[in-house]
Amino acid sequence: MSEPKERLALHVCCGPCATVCLERLTPRFDVVPIWFNPNLYPVEELGRRVDSAEKTFAAFGVEPVWLHVKYENWLRTQKIREIDPDTSLTRCEICIVFRLTATIKCAAEEGCEYVTTSLTVGPQKDVDYIHATGAALAEAWGLKWLDETFRKDGGFQRSVELSKKLGLYRQHYCGCEFSIREDT
């Protein structure tokens, strides 16, 4: 009989990014995908991304935890820059802190030892910020942060291949209303 695997919570930003993460993580860990993306806009985009995530989870045989917060509640987090004009956090950094905090709290409640995020698949993300923030938050909750950058070693390209194979919707912007305006 094989040793039981340690439990790892994977914050899932989208189905396409989750593909390469799950491919790499499921042989090593008992993976608990946690979907938490209150930043998605408009509601039709949320639906397309949930559908892709569901297909990904089914393909890898994992049961996700679905965390939900209304978009308006996430949008209020963006007001911190108005409340505290001296904050050094960018809009995206505020979003990452918000999403990782909820994910890590859930990971602790789910009995996970490790936590990480699929946010490190995309080439646009600041992985140093993500890893530093994730590690600090995980430590505060008594968890270990898996400092793995999934875009390395062809990870982003592999996510594109797996997305095509699974027929997943691949988005063209981060997800929030601010990023959709920047990409148009």
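The first residue in the sequence is number 1, and the count goes up from there.
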[X]/[Y] ion pair, N-O < 4.0 Å:
X: R49; Y: E54; result: no
X: K164; Y: E161; result: no
X: E113; Y: K144; result: no
X: K105; Y: E109; result: yes

Answer yes or no: are there more than 12 heavy-atom neighbours, outside K5 itself, under 6.0 Å from its atom NZ? yes
F29 atom CZ: more than 12 heavy-atom contacts under 6.0 Å: yes
What is the minimum heavy-atom distance between [X] and [Y], and which atoms define it?
X: L143; Y: I104; value: CD1-O, 3.7 Å
X: P16; Y: R170; value: CB-NH1, 3.1 Å
X: K55; Y: L166; value: CD-O, 4.2 Å

Cluster overlap [X] with [Y], hydrophobic side-chain contacts below 4.5 Å:
X: V121; Y: V50; answer: yes
X: W74; Y: Y41; answer: yes
X: V12; Y: V20; answer: yes
X: V32; Y: F60; answer: no
X: Y71; Y: L46; answer: no

Are the side chains of [Y] and [X] in contact, using a 4.5 Å heavy-atom criterion?
X: S159; Y: E23; answer: no
X: L146; Y: V115; answer: no
X: D51; Y: L168; answer: no

Has the side chain of [X] got a donor or acceptor atom that lies under 3.5 Å from a matching backbone atom of [Y]?
X: T133; Y: I130; result: no
X: T19; Y: S163; result: no
X: T120; Y: F150; result: yes
X: S118; Y: H11; result: yes
X: N37; Y: N39; result: no
X: R151; Y: F156; result: no

Could you grab the distance from atom [atom1] of [X] to atom [atom2] of [Y], nearest 0.5 Å is fine?
X: L75; Y: C176; atom1: CG; atom2: SG; result: 9.0 Å
X: R99; Y: I34; atom1: CZ; atom2: CD1; result: 13.0 Å
X: T77; Y: E72; atom1: OG1; atom2: CD; result: 12.0 Å
X: I180; Y: Q171; atom1: CD1; atom2: CD; result: 11.5 Å
X: C17; Y: L22; atom1: SG; atom2: CG; result: 11.0 Å
X: R24; Y: T116; atom1: CZ; atom2: OG1; result: 11.5 Å

Would you confirm whether the ring centroid of F36 sits within less than 6.0 angstrom of the ring centroid of F98? yes
Side chains of H131 and T149: is there a donor and an acceptor less than 3.5 Å apart? yes
K125 vs C174, test: side chain to side chain contact (heavy atoms under 4.5 Å, CB included). Steps then yes/no. CA-CA 10 Å; K125 300 290 188 281; C174 178; 4.0 Å; yes
I96 and L119: CA distance, side-chain angles, deciding distance, side chain to side chain contact (heavy atoms under 4.5 Å, CB included) verdict: CA-CA 9 Å; I96 288 166; L119 288 170; 4.3 Å; yes
Test side chain to side chain contact (heavy atoms under 4.5 Å, CB included) on R91 and F178 and set out the steps. CA-CA 9 Å; R91 182 187 79 238; F178 305 108; 3.3 Å; yes
Just list the side-chain donor-acceptor pairs under 3.5 Å for residues 135-142, sequence neighbours left out, or say none.
none

For C106 and L67: C-alpha separation, side-chain torsions, deciding distance, then whether side chain to side chain contact (heavy atoms under 4.5 Å, CB included) applies. CA-CA 9 Å; C106 180; L67 297 181; 3.8 Å; yes
For Y169, is the NZ or CZ atom of R48 found under 6.0 angstrom from the centre of its six-membered ring and inside 45 degrees of the ring axis? yes
For a salt bridge (charged side-chain N to carboxylate O under 4.0 Å, His left out) with R28, tell me which candidate from E6, E148, E3 qualifies. E148
When the ring planes of F57 and W66 are compared, do they come out parallel, tilted or perpendicular, using 30° and 60° as the limits? perpendicular
